[in-house]
Amino acid sequence: MIEGHQGSYDRIKSKTSLKEILEVACSFESSARDFYRDLAPKVSKNIRWLAEELAAEEQCHYDLLRGLADHPDSVEQVAVEVQTPANNTRFSDAIHLPDLGPRPDDQAVLQYAMGREHIAMEHYQSLADGTAPGPIRDLFVYLANEETKHKAELEKLYYETVHSGGV
Amino acid sequence: MRDIDHQDRGGLLGPLKNLSFFARQPITEPLGPRPASANYRGFHLNDWDLCIGCSTCQKVCDNAAITMVKVPGLAEDPAKGIRNLRPAIDYGRCCWCALCVDLCPTGSIALSREYVHTCLDSELDSYFILPDARGIHGTPYPKGWAKSTDADLVALERQPMTEQAAAVRIENFAEIVAGYDANQALIEASRCVQCGMCHDACPTHMHAPEYIRAIWKGDLEGAVREIYRTNPFAHTCGRVCTHRCETACSVGHRGAPIAIRWLKRYAMDAVDHARVKQIAAEGRADFISGKRVAIVGAGPAGLTAAFDLVRQGHDVTVLEAQAQGGGMVRYGIPDYRMPADRLDRDLDIITSLGVKIRYNTRVGVDLTMERLQAEYDAVVLGVGLWMGRSTRVPGADQAGVKRAVDLLRAVAAGEPIEVPQSAVIIGGGNVAMDITRTLARLQQQRYGEVRITLTALEDLDHFLADADEIREAREEGVQILDARGPQEILMREGQVAGLRTWGVRSIFDPAGRFAPSYDPADEQIHPGDLVVEAIGQAADVNLLGEALTEALQWHRGRLQVDSQGRTNLEWLWAAGDMVRGPDVVSAVADGHRVADSIHAYLSVQEHAP
Ligand SMILES: Cc1cc2nc3c(=O)[nH]c(=O)nc-3n(C[C@H](O)[C@H](O)[C@H](O)COP(=O)(O)OP(=O)(O)OC[C@H]3O[C@@H](n4cnc5c(N)ncnc54)[C@H](O)[C@@H]3O)c2cc1C
Ligand code: SF4
Ligand code: SF4
């Protein structure tokens with residue numbers, strides 16, 4: 001998946017229209033959703049909720065981007081969102097993507113998901129940095145911002161799951 | 001006194017006396033009552049914000065003038081010791097003795113300087129009144145008799161507990177506290193106002209007011225009897241209980257809460273062990289039900305369920321992976337807090353009732369769950385949380401990085417461990433404190449000095465560990481660094497050399513969820529030959545096998561059980577840390593719950609045609 005990101009990065013870089021960019025972004029989200037959906041039956045039932053929740057989460061992201069892609073007024077909406085960027089707390093700097101082996105545990109799945117959001121965030125950010133000011137740049141900033149928000153949510157879930165139990 | 005002569009009509013000049021009033025100004029007495037004296041005992045005032053509804057006033061009132069009234073909309077929180085009750089006074093009964101004021105633990109109730117209340121015949125019930133801070137008529141009157149140091153009947157200070165000094169205790173694993181002597185226990189017990197807030201707050205609803213009263217009366221066997229009504233881990237809870245009862249204690253609002261845990265410890269130690277055994281066996285069924293129950297795990301949850309079920313006449317076998325029973329109480333909590341010989345006493349009482357424990361038997365390895373299902377009428381899982389979590393920062397998989405629970409288990413089992421000359425602990429909870437202070441003692445014994453750094457994500461105000469643990473660890477020479485996030489295990493020549501951390505900027509998001517954010521510019525290196533992770537634990541559910549794991553319902557990683565601890569499978573229950581947690585007394589409460597549920601199930605089976 002991570003290698004796939006590099007390819008996606010190149011793909012999205014070559015897109016110029018807002019609609020095209022949003023279409024590619026939608027496809028990222030749907031491929032992530034499918035990844036977690038595929039993962040769910042492969043992991044033990046006691047942690048399946050995580051894969052299912054992540055798939056549902058990606059579906060929500062997909063729905064959001066799909067909505068933007070399908071509506072011509074989306075550019076304005078993006079500009080509004082960009083004014084209030086989510087804070088990247090840099091927690092994920094400490095997260096090291098594990099190899100999701102055949103029977104990952106809950107922590108491995110969460111680390112993977114956080115790493116994935118982190119990479120996506122960085123890619124959108126570098127796309128934004130390399131784009132001249134204007135609606136396209138705004139869109140990249142918006143997408144980076146969305147990924148940052150997703151990552152922040154995952155970090156909380158990570159802490160609630162891993163730093164728990166005992167006294 | 002001289003008798004009055006009612007026939008006396010006075011002297012001839014008597015009427016002339018009236019002339020002496022002739023030149024005086026008329027005096028008009030106001031219709032309202034005159035102000036009463038400063039300490040007057042008039043109608044009650046009660047500050048509802050201070051009042052916790054503890055009912056102490058009601059209990060102390062000899063005239064039965066007080067009725068506690070439920071006030072909908074007021075806060076109610078048993079864990080914090082708050083009831084939504086407020087005292088209503090029957091002024092047909094009240095004699096204004098003010099005992100309610102003198103014994104009120106919070107000081108919320110007082111008597112005002114208001115003393116007039118009149119009503120028509122049809123309003124006679126207006127003498128039964130729920131006073132608030134504005135008194136009984138809503139007109140503010142100043143306080144008359146109120147809480148004062150002189151008249152306060154609540155003893156605010158706790159009997160001190162003798163403890164080993166830091167320089168002494170760091171050299172040994174002997175229990176730190178000495179316990180109360182008879183006199184201290186009596187004085188401490190006499191502070192209790194018998195409000196019962198502790199009973200409500202305790203997960204297993206221990207009869208603390210009753211056993212404290214029995215101690216006060218010198219009836220120690222009676223105290224043990226009260227303790228055994230709800231808790232077979234009596235010695236254990238007398239020493240290491242998280243004592244939520246004390247958090248809820250009404251006396252704690254102005255002073256130190258009653259030392260309920262230490263009083264339990266006192267009563268349990270004071271009564272001869274053989275006699276405790278007899279008391280614990282009282283009320284045991286004198287028949288055999290013929291039903292067989294298997295319990296996986298000899299921790300507090302499993303053994304409490306076993307205790308109840310044998311008392312109800314069932315045949316109970318406990319399967320335990322370790323060589324001895326007690327679960328984390330033996331293999332987690334260090335001896336200096338929980339001496340093993342006291343845990344042995346709890347276990348001896350449980351097994352003396354007929355509970356059979358098969359040690360060194362790991363379910364899932366030595367025998368399967370399917371076999372238990374086939375051979376027993378009901379099965380309970382009480383396997384605790386024995387898998388230590390790891391930060392999984394780079395290097396966390398090195399041999400020189402250990403999990404706290406694994407190390408504590410090894411020490412408790414008497415297995416040889418390599419004592420590091422310096423160590424770094426990751427974690428700010430009580431488990432982190434236990435491994436830290438255990439290693440500190442081992443270091444002191446081996447090297448004559450303590451070199452341990454404890455790093456935790458939380459700042460000191462948010463540490464999960466008890467404040468006493470933090471203070472005592474510091475006294476023992478441990479360096480505690482708060483608000484540090486682990487980033488990497490450092491290695492030198494293939495050996496662990498320490499931990500790299502970043503400062504933590506904040507740990508909670510605006511919604512209060514745990515979400516640490518780091519400051520990479522604030523980097524520190526903490527040298528250590530050993531790094532111990534104590535960040536959390538999970539249940540090892542591998543014993544279930546794939547088929548059973550699939551058949552069971554789960555909720556966010558934990559086995560899903562109903563309010564009685566039963567899983568979605570008819571024959572299987574689960575209790576203790578693995579489903580609820582987090583402490584011994586909660587595991588005990590859980591054990592009772594599943595035992596009740598199993599007993600009901602087995603009884604129905606018995607009566608089925
Ligand atoms: C270091 C530490 C300190 C603590 N300090 C306190 C404290 O001060 N006060 C407090 O109230 N609580 C404390 N606790 C928590 C307390 O110990 C637990 O809440 C309590 O022991 C939970 O009881 P339990 O029966 O659910 O599980 P446990 O006590 O964990 O017992 C589970 C039992 O199941 C056995 N088992 C596991 N798997 C299998 C298997 N497959 N087959 C057979 N047997 C198996 C284990 O060997 C163990 O004996 C502490 C915990 C730790 C780790
Ligand atoms: S004793 Fe005091 S705190 Fe308790 S219910 Fe009465 S008035 Fe309220
Ligand atoms: S003043 Fe005395 S009699 Fe009146 S309610 Fe209080 S305790 Fe009871």
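Just so it is clear: chains get the letters A, B, ... in the order the sequence lines come, proteins before strands, and each one is counted from 1.
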Practice task
Please look at A/L154 and chain B and tell me whether the side chain, the backbone, both or neither of the residue comes under 4.5 angstrom of a heavy atom of that chain.
Solution key: neither
Completion exercise
Test side-chain contact (heavy atoms from CB on, under 4.5 Å), reference B/D583, set B/M328, B/H243, B/R244, output is B/R244
Exercise for the section: Test side-chain hydrogen bond (donor to acceptor under 3.5 Å, both in side chains) on B/T501 and B/Q524 and set out the steps. Expected result: CA-CA 5 Å; B/T501 63; B/Q524 286 184 17; 4.9 Å; no
Relative to chain A, which segment of [X] carries a heavy atom at a distance below 4.5 Å: side chain, backbone, both, or neither?
| X | answer |
| --- | --- |
| B/L559 | neither |
| B/R556 | both |
| B/S506 | neither |

Practice task
Check whether the ring centres of B/F508 and B/H462 lie less than 6.0 Å apart, and answer yes or no.
Solution key: yes
Exercise for the section: Go through the side-chain N and O atoms of A/E153 and A/H150 and say whether any donor and acceptor fall under 3.5 Å apart. Expected result: no
